[in-house]
Amino acid sequence: MTSGALPVNPFVAAGMIEDPRLFVGRKDELHAIASRMKGDQPTSINIVGDKHIGKSSLLHYFVLTWQQRVLNNSSNYVVIYLPLRGVDCQTETGFYEAVAEGLLNHVQGWQQRSLQNCWKTKPLNRQAFSDAVKEWKQQGKLPVLCLDDFESLLKYPDKFDNGFYDNLRSLMDSNALMLVVASRKQLDVYANEHRFVSSFFNIGHTISLNELTTDEAIELSRLPSRSTNGAALSVDEQNHAQQWGDRHPYKLQLAGYFLWEARQQGKAIKWAKQQFEQQLAHPKSKAQRNWWQLWLRWLVWDFPVRLGKIPQFIGVTVGDIGNWITGLVMLLLPVLVLVGVVRWNEVWDFVRDKLGIK
């Protein structure tokens with residue numbers, strides 16, 4: 001790496017941080033995951049946090065560095081990162097096959113033969129998956145699945161039902177499987193919202209992912225802090241990044257990204273601030289547009305359709321509805337006359353018309 005400005009922007013303004021050299025902080029959370037993995041009875045974990053708080057980056061970084069935290073008996077574990085938003089995880093069998101592929105890709109070559117045979121069953125259904133995991137336990141291997149974007153499974157309740165979750169919970173309870181599940185809400189909240197009754201959703205331990213500490217925020221603004229060339233931003237730019245982003249990892253990354261770009265393009269800090277604010281405002285305006293689109297659809301389509309289904313639901317015909325409306329109007333007419341909205345001769349004209357009197 002040459003001296004001077006870095007050829008590549010070290011700040012990740014969107015998505016997961018894949019380069020472990022650019023990951024900052026979260027030491028307590030990383031220690032908590034590792035300690036629950038090393039116990040005699042591995043405890044599954046639910047990582048909970050808002051969007052852009054760093055859940056994906058945390059899981060990915062843990063998968064890359066877990067061996068540094070589990071020095072003894074590291075050969076007993078196989079740890080993989082699996083994003084559930086992928087198309088491979090839209091069916092139960094697809095999920096099992098994605099897990100199997102990930103696990104076998106992380107097994108040392110000399111161990112492949114003894115560990116891969118149990119995954120060859122086709123189709124790799126719920127029973128076959130369970131049998132394979134139990135076989136690994138007998139061979140002293142604990143699969144640790146870091147599952148990202150758990151909400152993606154909730155889109156397919158017919159594919160991932162209570163039985164699917166119960167099976168995972170059974171494997172967890174028998175210490176044959178450990179899960180680290182990232183989600184925006186706690187799993188038991190999703191259970192209530194989607195009416196799941198599986199005990200899977202009462203997962204062993206919850207870690208709330210919040211903003212960075214002040215020291216971590218400062219370290220992030222100094223990326224790449226471990227480079228021999230020093231920080232990518234000047235001291236003044238670092239101060240701006242910390243002021244704009246406070247301690248929120250995404251905002252700090254975004255601020256650093258545009259401050260670095262401004263210097264590379266010879267633009268003023270004011271330009272970086274404008275780009276930073278526009279990027280933050282964009283998701284909000286997009287969400288606002290989506291809200292209006294959903295509301296408009298409900299008003300002009302969903303609500304009328306539901307109204308139209310009422311007669312069928314209560315077992316009446318269209319003729320009955322017409323008679324009910326006519327009777328209701330006749331009941332209301334005297335009231336309307338008394339309050340002066342209509343006159344008696346108009347009421348009489350309406351009654352004669354309905355009775356067919358000329």
Side-chain angles (χ1 to χ4, degrees), residues 6 8-37 44-70 79-86 89 98 102 106 144-153 178-187 205-227 231-233 238 241-242 244-260 276 279-280 283:
L6 294 173
V8 178
N9 195 327
F11 295 96
V12 180
M16 181 177 65
I17 299 172
E18 297 186 7
D19 187 342
R21 296 172 298 178
L22 303 179
F23 185 88
V24 171
R26 306 302 193 191
K27 293 180 175 59
D28 291 342
E29 291 84 354
L30 292 165
H31 174 75
I33 299 173
S35 65
R36 282 158 180 79
M37 189 173 88
S44 293
I45 300 172
N46 183 198
I47 306 292
V48 180
D50 295 333
K51 186 178 182 180
H52 293 316
I53 203 64
K55 300 185 297 296
S56 299
S57 298
L58 173 68
L59 292 188
H60 188 265
Y61 183 75
F62 180 78
V63 171
L64 295 178
T65 62
W66 68 269
Q67 288 177 307
Q68 302 170 16
R69 308 170 204 286
V70 186
V79 185
I80 67 169
Y81 170 80
L82 184 63
L84 298 178
R85 60 183 173 273
C89 295
H106 284 75
V144 180
L145 313 182
C146 296
L147 306 180
D148 199 8
D149 295 299
F150 175 78
E151 291 81 2
S152 298
L153 295 187
M178 176 178 171
L179 302 184
V180 184
V181 183
S183 59
R184 296 187 189 179
K185 303 176 185 178
Q186 289 188 209
L187 295 183
H205 185 77
T206 299
I207 296 178
S208 296
L209 207 59
N210 300 309
E211 294 183 339
L212 301 173
T213 65
T214 300
D215 289 342
E216 290 171 344
I218 293 173
E219 183 182 355
L220 196 157
S221 71
R222 293 175 178 173
L223 285 178
S225 57
R226 285 163 283 190
S227 169
L233 301 179
Q238 292 172 30
Q242 294 167 30
W244 302 352
D246 197 7
R247 294 184 293 113
H248 194 285
Y250 171 69
K251 294 179 182 179
L252 281 164
Q253 293 277 3
L254 197 64
Y257 179 88
F258 285 118
L259 284 164
W260 190 90
F276 170 78
Q279 186 65 30
L280 284 182

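Just so it is clear, the structure is predicted and the values come from calculations on it, not from any experiment.
- The closest side-chain heavy-atom distance from Val79 to His106 is not below 4.5 Å.
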Run Phe258 and Gln279 through side-chain contact (heavy atoms from CB on, under 4.5 Å) and show every step you take. CA-CA 10 Å; Phe258 285 118; Gln279 186 65 30; 4.1 Å; yes
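- Listed by chain and residue number, Ser56, Tyr81 satisfy the side-chain hydrogen bond (donor to acceptor under 3.5 Å, both in side chains) test with Asp148 (two or more places apart in sequence, or in another chain).
- Between Leu82 and Leu145 the shortest side-chain heavy-atom distance does not fall below 4.5 Å.
- Residues Phe23 and Leu30 are in side-chain contact: their nearest non-hydrogen atoms beyond the backbone lie under 4.5 Å apart.
- Between Gln242 and Ala217 the shortest heavy-atom distance is CG-O, 4.5 Å.
- Note: Lys185 NZ to Asn46 CG = 13.0 Å, rounded to the nearest 0.5 Å.
- Of the candidates Leu233, Leu259, Leu252, Phe11 forms a side chain to side chain contact (heavy atoms under 4.5 Å, CB included) with just one, namely Leu233.
- Taking 4.5 Å as the limit, every side-chain heavy atom of His52 sits out of range of all side-chain heavy atoms of Pro249.
- Between Leu280 and Tyr250 the shortest side-chain heavy-atom distance falls below 4.5 Å.
- The two residues Leu84 and Cys89 have their closest heavy-atom pair at O-CB, 3.6 Å.
- Side-chain atoms of Val24 and Arg222, non-hydrogen and from C-beta on, never get closer than 4.5 Å to each other.
- Note that OG of Ser57 and CG of Asp19 are 11.5 Å apart. Values are rounded to the nearest 0.5 Å.
- Under the 4.5 Å side-chain criterion, counting only non-hydrogen atoms from C-beta, His248 is in contact with Ile53.
- Contact of the Thr214 side chain with the Ile218 side chain is registered, since non-hydrogen atoms from C-beta on lie closer than 4.5 Å.
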Does the pair Arg184 and Lys51 meet the rule for a side-chain contact (heavy atoms from CB on, under 4.5 Å), with working shown? CA-CA 7 Å; Arg184 296 187 189 179; Lys51 186 178 182 180; 3.5 Å; yes
Could you go step by step and tell me if Ile17 and Gln253 meet the side-chain contact (heavy atoms from CB on, under 4.5 Å) rule? CA-CA 10 Å; Ile17 299 172; Gln253 293 277 3; 3.4 Å; yes
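- Expressed to the nearest 0.5 Å, how far CG of Leu220 lies from OG1 of Thr213 amounts to 10.5 Å.
- Rounding to the nearest 0.5 Å gives a distance of 8.0 Å between CZ of Arg247 and CG of Leu212.
- Taken to the nearest 0.5 Å, the CD1 atom of Ile207 stands 8.0 Å off from the CG atom of Leu58.
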Intermediate values then yes/no, side-chain contact (heavy atoms from CB on, under 4.5 Å), Leu209 and Arg26: CA-CA 9 Å; Leu209 207 59; Arg26 306 302 193 191; 3.8 Å; yes
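- Between Cys146 atom SG and His60 atom NE2 the span is 10.5 Å, to the nearest 0.5 Å.
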